[in-house]
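Below you'll find the structure I mean.
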Amino acid sequence: MHFRSHYTRVLPLRPYGGTVQTDIDPRSLIGRKAFDRNGAKIGTVDEVYLDDATGVPEWAAVRTGLFGRDAFVPLEPSEVVDDTLRVPFERSLIRDAPDFGVGRHLSPEQELQLYHHYGLDISLPSDFHRPPPDERI
């Protein structure tokens, strides 16, 4: 996985490759039921977030039903099985994911938090620059 700078929930009308399946349109994920690695229902896919640079779907916001909250789940290594999204993590881990709200871009820092939360490997691009602690806001 590569670290991306920003994500958007806007779903452009162009062909998609993807990390979920190369033959699926990410718009078709919206409204699908999502299940954890054990088959327990997590909720319903509310939004799909695309990488701004590549247009590849990378994250889904799943409405968990807990206080109307959405939990971000990685679309890689998730898969679509029988019209459902299967997320290879425990429901408790998914429901404990950082809550960034929906409807706006994910910042690089938020994405990094999500990668760490799910224990996913991160490859930072060579041009990525993290300011020293005294320069951070």
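This one's a predicted model, so the numbers in the text were calculated from it and none came from an experiment. Keep in mind that the numbers below use all heavy atoms, side chains included, and drop hydrogens, waters and symmetry copies.
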task = Check the pair Trp59 / Tyr115 against ring-ring contact (aromatic ring centres under 6.0 Å, His included), numbers first and verdict last.
result = CA-CA 11 Å; Trp59 298 95; Tyr115 277 125; 5.4 Å; yes
inquiry  = In this structure, would Ile94 and Phe35 fall into the same cluster of hydrophobic residues linked by side-chain contacts under 4.5 Å?
reply    =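 In one cluster with Ile94: Phe35, no.
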message = With a 4.5 Å cut-off on side-chain heavy atoms, are Val73 and Val87 touching?
response =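 Result yes, sub-4.5 Å side-chain heavy-atom pair found.
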Leu85 and Leu75, any side-chain heavy atoms less than 4.5 Å apart =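 Touching, per the 4.5 Å side-chain cut-off.
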task = Classify the angle between the aromatic ring planes of Tyr49 and Phe72 as parallel (below 30°), tilted (30 to 60°) or perpendicular (above 60°).
result =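 Tyr49 vs Phe72 ring planes: perpendicular.
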ask   = Quick one: are Pro74 and Glu58 in side-chain contact, heavy atoms under 4.5 Å?
value =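 A side-chain contact under 4.5 Å is absent here.
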query = Minimum heavy-atom separation for Arg91 to Ile42, with atom names?
reply =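 Scanning both residues, the minimum pair turns out to be CD-CA, 4.4 Å.
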query = Is the shortest distance from a Lys or Arg side-chain nitrogen in Asp46 or Arg63 to a carboxylate oxygen in the other one below 4.0 Å?
reply =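 Arg63 and Asp46: salt-bridged.
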query = Just by distance, with hydrogens left out, do Lys33 and Thr44 show a side-chain donor and acceptor under 3.5 Å apart?
reply =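 Side chains of Lys33 and Thr44: pair found under 3.5 Å.
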inquiry  = Less than 3.5 Å apart, any donor N or O on the side chain of His105 or Asp52 sitting next to an acceptor on the other?
reply    =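 Distance-only check passes for His105 and Asp52.
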query = Are side-chain heavy atoms of Phe100 and Leu106 found at a separation under 4.5 Å?
reply =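 Yes, close enough: below the 4.5 Å cut-off.
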request  = Find the distance between CD (Glu111) and NE2 (His116) and round it off to the nearest 0.5 Å.
outcome  =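 Interatomic distance, Glu111 CD to His116 NE2, rounded to 0.5 Å: 10.5 Å.
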